[in-house]
Amino acid sequence: MRIKALLPLLLFLILAVALGIGLTLKPREIPSALLEKPVPAFSLPNLEGSADHFTDEDLRQGQVTVVNVFASWCAPCRVEHPYLTALAQDHDVALYGINYKDKPADAQRFLSKLGNPYLKIGADVNGRVGIDWGVYGVPETFVIDGHGGIVYKHIGPINTGDVEAKILPMIEKARHRTAKVQDQ
Amino acid sequence: MTVEIGHFSLILAFALAVIQGSLPLWGAVRSDRRLMTVASGAAIGQLLFVVISFLCLMNAYIVSDFSVLNVVANSHSQKPLLYKISGVWGNHEGSLLLWVLILALFGAAVDLWGRNLPLSFKARVLGVQALIATGFYLFILLTSNPFERVFPVPLEGRGLNPLLQDPGLAFHPPFLYLGYVGLSIAFSFAVAALIEGRVDPVWARWVRPWTLAAWVFLTIGIALGSWWAYYELGWGGWWFWDPVENASFMPWLVATALLHSAIVVEKRDSLKSWTVLLAIIAFSFSLLGTFLVRSGVLTSVHAFATDPERGVFILIFLCLVIGGSLTLYALKSGQLQPGGLFAPFSREGALVFNNLLLSVSTATVLLGTLYPLFLDAVTGDKVSVGPPYFNGTFIPLMIPLVIAMGVAPHLSWKRADVGAVWGRLRVVSVLSVIAALVTAYLNSKGPVMAVAGVGLGVWLLLATLQDFFAKLRLTSLRAESGGLQGAAKRVRHLPKSVWGMTFAHGGMAILILGVTASSSWQTEVLDIVKPGDVLHVAGYDFTFTGVEPVAGPNYTALRGHIQVTKNGVAVKALQPESRTYFNPPMETTEAAIHSMPGGDLFAVVGERQTRGEAEGDRWAVRLYHKPLLPWLWAGAALMVLGGLVSLTDRRLRVGAPKKRMGHHGGTNAH
């Protein structure tokens, strides 16, 4: 056996190790420029048509909130919907929604079919507020402390593992931070 | 019911693959004829069952059987029939079923066309094929079953991405897969040859047609994908160095290298170890491409449907197939006898140079594609590698390659005479330099690459034609070479492989000219217009006359009307559309393209811009003039034609005589 003949195998093994590590990484976890920053100022018309707009003020009321960006045309949003509903019901979380680039009628049909776990939903019909939030694609989910500071951003659908492993710890972190600021 | 038949057929095909991947290989070790002949029946049986399975899934799509999860997720009852059918492979599960269908097709083809292969060799080739197939069947059955039912049955499907509802894209994946899977044959031949410890010109003659066919399919597949990107994505680009594009481009580069090095094995019994390695690597890149696209390691943030479990499965499979074959290579390649020697300046030398450059350029593409992954693994930084890297590394490597492409056909085997070659190419060289200088003069403010591109394109075209006419000896119509009749006879008797090479190299030259002109001298105008406005682009006058709503079968659209005139003479009415699909709701732009030999006119209409009552509605439009862009497709088509013509070469059909070793390769190294 010639040493030279081993070279392709060695190169492949290096590549395989890198690919293996690559699988454990999450290319989707793009660091948000907004992390640790206050939420952008915004005011969105209420999806249900009432005069009660969804604004950044809603996110500064002293309680931890979760903001979910969704759309009726987005299949992964349907996938994550049950988990979001469970999150809102079982873990006492204030869940708000941004309905992204969607027709309000379609969104309401989506919610009447699957249930509406949101306290309030803003209709971002043209995606303008989505730009301020740095939305790459739907769904995205933000965890926000009681003073409107973004603690965590989740890109892509939430599933069971994500709720336990990421969302709940981040909500806990946000609660600590809210309490700390209030103590000062 | 048919859905279950499809599922069971797939399981039966899997069982046959397990048999085909074990008994014949064992039989080849034991020299047991009965065990070895099992391979033939199993290969045909596999094809039968996979075809049944595929037709069952296709049927579920055609009748819109929404009790099948895969159909719900990817189809819709309102979709045109063509896209219902193309929806079968427009998704992960179905595309894998297409993959195994083609794999089974090629396996059966090896069995049918390989009647003159030695029995033990054929048993090994089909055995290795079956091992690859086994991995794919397992992958489908365990992680990606297209026949999964869903209950309760939805009333309507969730549609297919409307961007994918396009004839160019409907046939893009099947051709790519034909190419990828075709390379598996070269791989199986290489592994079988390593097991037997023997590679000779006969082997090369068996491998060449399969590689050539795979290369033709890959070329068609890549060109279709590129064409689709050009007219569908709406920004006029045709190649983006996207990881998914690179995944198909790398096997093409390696297949091109393999195609050329196999010639050296066939004609000169040399470069054997390298050619075997290339055959392994070519298919490895096909698998790697599948891994990159399917596992989600590199996909964009919008591809949420990828599944890490599948990634783990493919990675294990990659390690078994690539790791296993490269281990075999490390152990056995030493047994391959080195063949004939040759001087650096010779046909062989030029082909080695070609292989070197193609391999290095494949490596640069691989590095650029995987660099974000490596960096993320090592430092955790997120980066993306874009066209500047690829253009900066890949194009410089292509320059010497194109120069060599012009010279190589003029070289003789073993040792070429520098003086004679210069004598033949002198005029062509001078003409190419003149072409480059004229370009430089006319293009004094334009990009430097334009000068190099024109020079290289003209060089390759003329050098290829020069070689062709030299082989025909059309210049000597004198009596002793038979006059006109003699020339006609020479045209008829010229080997098809020479025609093939001339078409392929000439196609490459035309493609280079198209790429150079369209990227260097493109004119782009972006504006917001109201009906009646006139825009001037590259000597053409575009009059925007308005927008009307239109309805398609599963979308509504706004159609813009643009009249194009040149010096007052009507050229074409362009009607670009901006479509809104119902299900899933999505907007796409349909560019209007008018192709002329000298270039394309390209128009896109965008969103309505409302600016108050007084001014009325305005529309964003993008207009391009892309000189020589059609040459790109013409060049690719010529390359495909070259491959097809070369496939009809008599040598490849007749097959090699059993022993051709003795009379050449006399100057062995030992």
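These numbers come from a predicted model, not from an experiment. Quick note on labels: first sequence line is chain A, next is B, and so on, each numbered from 1. Heavy atoms only: backbone and side chains are in, while hydrogens, waters and symmetry mates are out.
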Would the number of heavy atoms belonging to other residues, nucleotides or ligands and lying under 6.0 Å from NZ of Lys101(A) be above 12?
no
Contact class of Leu315(B) relative to chain A, heavy atoms under 4.5 angstrom
side chain
What heavy-atom pair brings Ala330(B) and Leu6(A) nearest, and what distance separates the two atoms?
CB-CD2, 3.7 Å
Which residues share a side-chain hydrogen bond (donor to acceptor under 3.5 Å, both in side chains) with Ser50(A), sequence neighbours left out:
Asn46(A)
Could you tell me the separation between the CD1 atom of Ile322(B) and the CG atom of Leu11(A), rounded to the nearest 0.5 Å?
12.5 Å
Heavy atoms, side chains only, cut-off 4.5 Å: are Leu288(B) and Leu19(A) in contact?
yes
Which of these, Thr327(B), Leu277(B), Ile280(B), sits in a side-chain contact (heavy atoms from CB on, under 4.5 Å) with Pro8(A)?
Leu277(B)
